[in-house]
Protein chains: 4
Amino acid sequence: MSSQKSTAAPDTAPEAAPNAAGRAPKRARGRQRVAALLDAATVVFAEKGYDAATMTEIAARSSTAIGSLYRFFPSKEALAEGLLHRYGERAGAGLDAIAAHASAMTVAQMADALLDLMMALKSERTALKVLMDARVDGANRRQYLRGVIRGRMAGMLSAHAPGLSAERADLLSVMVLHLMKTIPELAEEAEAAALFQEMRLVLSAYLAAAVDGG
Amino acid sequence: MSSQKSTAAPDTAPEAAPNAAGRAPKRARGRQRVAALLDAATVVFAEKGYDAATMTEIAARSSTAIGSLYRFFPSKEALAEGLLHRYGERAGAGLDAIAAHASAMTVAQMADALLDLMMALKSERTALKVLMDARVDGANRRQYLRGVIRGRMAGMLSAHAPGLSAERADLLSVMVLHLMKTIPELAEEAEAAALFQEMRLVLSAYLAAAVDGG
Amino acid sequence: MSSQKSTAAPDTAPEAAPNAAGRAPKRARGRQRVAALLDAATVVFAEKGYDAATMTEIAARSSTAIGSLYRFFPSKEALAEGLLHRYGERAGAGLDAIAAHASAMTVAQMADALLDLMMALKSERTALKVLMDARVDGANRRQYLRGVIRGRMAGMLSAHAPGLSAERADLLSVMVLHLMKTIPELAEEAEAAALFQEMRLVLSAYLAAAVDGG
Amino acid sequence: MSSQKSTAAPDTAPEAAPNAAGRAPKRARGRQRVAALLDAATVVFAEKGYDAATMTEIAARSSTAIGSLYRFFPSKEALAEGLLHRYGERAGAGLDAIAAHASAMTVAQMADALLDLMMALKSERTALKVLMDARVDGANRRQYLRGVIRGRMAGMLSAHAPGLSAERADLLSVMVLHLMKTIPELAEEAEAAALFQEMRLVLSAYLAAAVDGG
DNA sequence: GATGAATGAGTTTTCATTCAT
DNA sequence: CATGAATGAAAACTCATTCAT
């Protein structure tokens, strides 16, 4: 459960993420509560945005007393971090799975795999975008998640094209990540399905130009 | 690349947005106030986001009494619309200027022109992104601006590639617009300059594949 | 125009009403303006109540600039007094006319005459009620109007029943005045017409019992 | 005369108005808060009128934090309704008590009973008048209370004079209610005591003429 | 004089957070 | 531990009044 500590490079996060989410619940009851809270938070953040989402509504949607919410997440910011943390685990695992086969994939296949991953994370991706975009003071934790995901993405690219310099792999991964952040927005357009297809084209055309040839 | 300056919109807001409600200024003094308010709003929205930006701070940053701010923009939403309106004029003019020469441009040149336009709109683009993303009720005006910009972008694409169907031109313009919305974010990264180069690559590779080749 | 000074007893009003309405306009233009302002104020006060009525709306409804409104009536309170003053003149004249024939009237006829007077003052009576009820600090001026009207009403009663003691005539007139203040409210009920009839009954029954016999 | 005390409504608001919106208090502490808030609101509304009364002052007078006031009454309008509700219970009980003996009473006795009831409700009647007169949008609740009280009054009249048609009983009750609304104003006059006596005369003369004689 | 822009104190309402029960 | 009442700073917005043009 602290897998992100041993694998990726948390150099931007001083005291890592685990304790940011309040004291980890020891009992199963607590875990369910936390999961329910995070689910509710996902929905409310996605619907209202970070500022407009209220702790009271998040508590209500998960049938939790406001006092209990604060027991698990001592602040709104901590709740956001909790969400980011859970997303990091899920998305990180997905990226690792892609990276494992990256050397045998074409760029088009990699583009498809990345998009499929975003499709699979459908319920969380909008909330994530909202949280990453939120202009909050304690945004250093967000930097941490960014670093983790970025590292894995760079790993995936390097696995596919071993000749890539570390700097270039990093730069490409940043670009790809930003491209993928547009997906929740595309999903809100009327022509969502067609736009997803275009995004496949964007990604594969870019990767082909940047990684494979020139 | 700074074509929008010479064509339509000087810095002091010529026919200053009398838009949605709010007494239009009838004296020169008022005209300046409106421009100063929009400038301050641009900065504050960009820094804090829509929700966290306060009318009080926007007023203070333009040395305006809160009551005066409300004379010209009777609500926070109206202020956002005023900004959107001014941006629409400036960006629209820029897009038209590009469209005028689109038929004689390569896709790479078009990509460059679009990015140069975004660079020229530097001071406003972040605020714009923030406002377009804001989850507000009265978002109809935002839809309107979206439509206008989208139409001009589609016009530019059609000018370059007359063979493009109207539907496809529209779809591509939506995709391009979403890609360009990532620019304010790229600008906040440490590697901003390099990322702009990557974005040129993204755009030209995508347009080449979707418009020319494909 | 200062008739109320010579006839009734303004003992509760130190420096009378005239200058309370700001400097009396010398020119005809000014008079029209003042009349238009008072008409607009009548409507707005009646519709919104004293607090909710805004100086801006009153100015707008009479096509007057807000600055001009303040030239004639230096404060909201002064505007209210101006209205009270004009009403005092009109109602006072009406009461005097009734008083002139009171000795030859039955109480029922007096009741009818009073109600007919209220019907004739239809456009102003609601605003008046609103202003008299308003709980404002500078309400001493209201006391003045109250005194004036009360005096005339007492005069009318005494004219009808010379045997009435001054104290009793005064008390009865206060009671009658309060009864008549309900008329604007009755007018807002669905059964307004029938209620006016009932009010005639109330008045004549009361006066018959209190003045004529017991 | 203080019959309403023994029948239904103790001073501390037994089943305290959970009315229109606003979390109903679930603990004893909250119950007391609500009662204290309503008491403070009664005083402040009576003193200042609906518009001029501020939520801040009402909270302060009951030593309540403004946030707590809003927990129980989510808007100023809701607070007004809460007051109306409590008054409705108390006054309704009083009217029912009178109605129970109405068949054995003379009209003079009924008039006395009604006035005694108003005397007993002294602390609330002025606030009530203010609230019923307030020109507010969401005045539907006020209509409801009006209907309830009116119905009971009509019931009382019918109990006394079974021969009265339903329409006429209703009309009379409206008239009587309006007459009674003048009581808070009479109470503010210097000659309050004498005016109450006059009001007894008004009521009994009117009822005698309208119900018994006619 | 007329006009309308400027002012800012004051109002209602919200919400993250704390803490007694 | 769970609960929900209490708190109060802060935000959007209004409006009487003043005063430069």
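Remember, it's a predicted structure, so these values are computed and weren't measured experimentally. Just so it is clear: chains get the letters A, B, ... in the order the sequence lines come, proteins before strands, and each one is counted from 1.
- The side chain to side chain contact (heavy atoms under 4.5 Å, CB included) check on C/Y87 picks up C/A91, C/M118, C/L121, C/E124, C/L128, with sequence neighbours excluded.
- Residues passing the side-chain hydrogen bond (donor to acceptor under 3.5 Å, both in side chains) test with B/E47 are B/R61, sequence neighbours excluded.
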Structure string for DNA chain E in dot-bracket form, Watson-Crick and G-U at under 3.5 Å, | interchain: .||||||||||||||||||||
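- Of all heavy-atom pairs between A/L38 and A/T42, the closest is O-OG1, 2.7 Å.
- Between the CZ atom of B/F73 and the C1' atom of F/dA12 there is a distance of 16 Å, rounded to whole Å.
- For the segment residues 44-63 of chain A, no residue has any heavy atom less than 4.0 angstrom from an atom of DNA chain F.
- The CD atom of A/E77 sits 15 Å away from the C1' atom of E/dT17 (whole-angstrom rounding).
- When distances are taken from the side chain of B/R33 to each of E/dA6, F/dT3, F/dT7, the shortest belongs to E/dA6.
- You'll find that the side chain of C/R71 is closest to E/dA2, out of E/dA2, E/dT7, F/dA6.
- Residues A/E57 and A/K48 share a closest heavy-atom pair of OE1-NZ, 2.7 Å.
- Nearest nucleotide to the side chain of B/F72, out of E/dA6, E/dT12, E/dA16: E/dA6.
- Of all nucleotides listed (F/dA6, F/dG4, F/dA12), F/dA12 comes nearest to the side chain of B/K76.
- Residue pairs meeting the ring pair (Phe, Tyr, Trp, His ring centres under 6.0 Å) criterion with at least one member in residues 41-62 of chain D, sequence neighbours excluded, are D/F45-D/Y50.
- Side chain of D/I66, nearest nucleotide from F/dA9, F/dT3, E/dA6: F/dA9.
- In this view, D/D133 and C/K129, D/K129, D/K181 satisfy the salt bridge (Lys or Arg N to Asp or Glu O under 4.0 Å) rule, not counting sequence neighbours.
- A sub-4.0 Å separation between OP1 or OP2 of F/dT7 and a side-chain N or O of D/S68 is present.
- Looking at heavy-atom distances under 4.0 Å, B/S75 makes contact with sugar-phosphate atoms alone, never a base.
- As rounded to whole Å, 12 Å separates atom C1' of F/dA5 from atom CG of D/L37.
- By the 4.0 Å N-to-carboxylate-O rule, C/R86 lies close enough to C/D39 to be salt-bridged with it.
- Residues satisfying the side chain to side chain contact (heavy atoms under 4.5 Å, CB included) criterion with C/A65, sequence neighbours excluded, are C/S68.
- For B/S62, the side chain to side chain contact (heavy atoms under 4.5 Å, CB included) criterion is met by B/A36, B/L37, B/A40, B/T64, not counting sequence neighbours.
- Residue D/L69 contributes atom CG, which lies 14 Å from atom P of F/dG8 at whole-angstrom precision.
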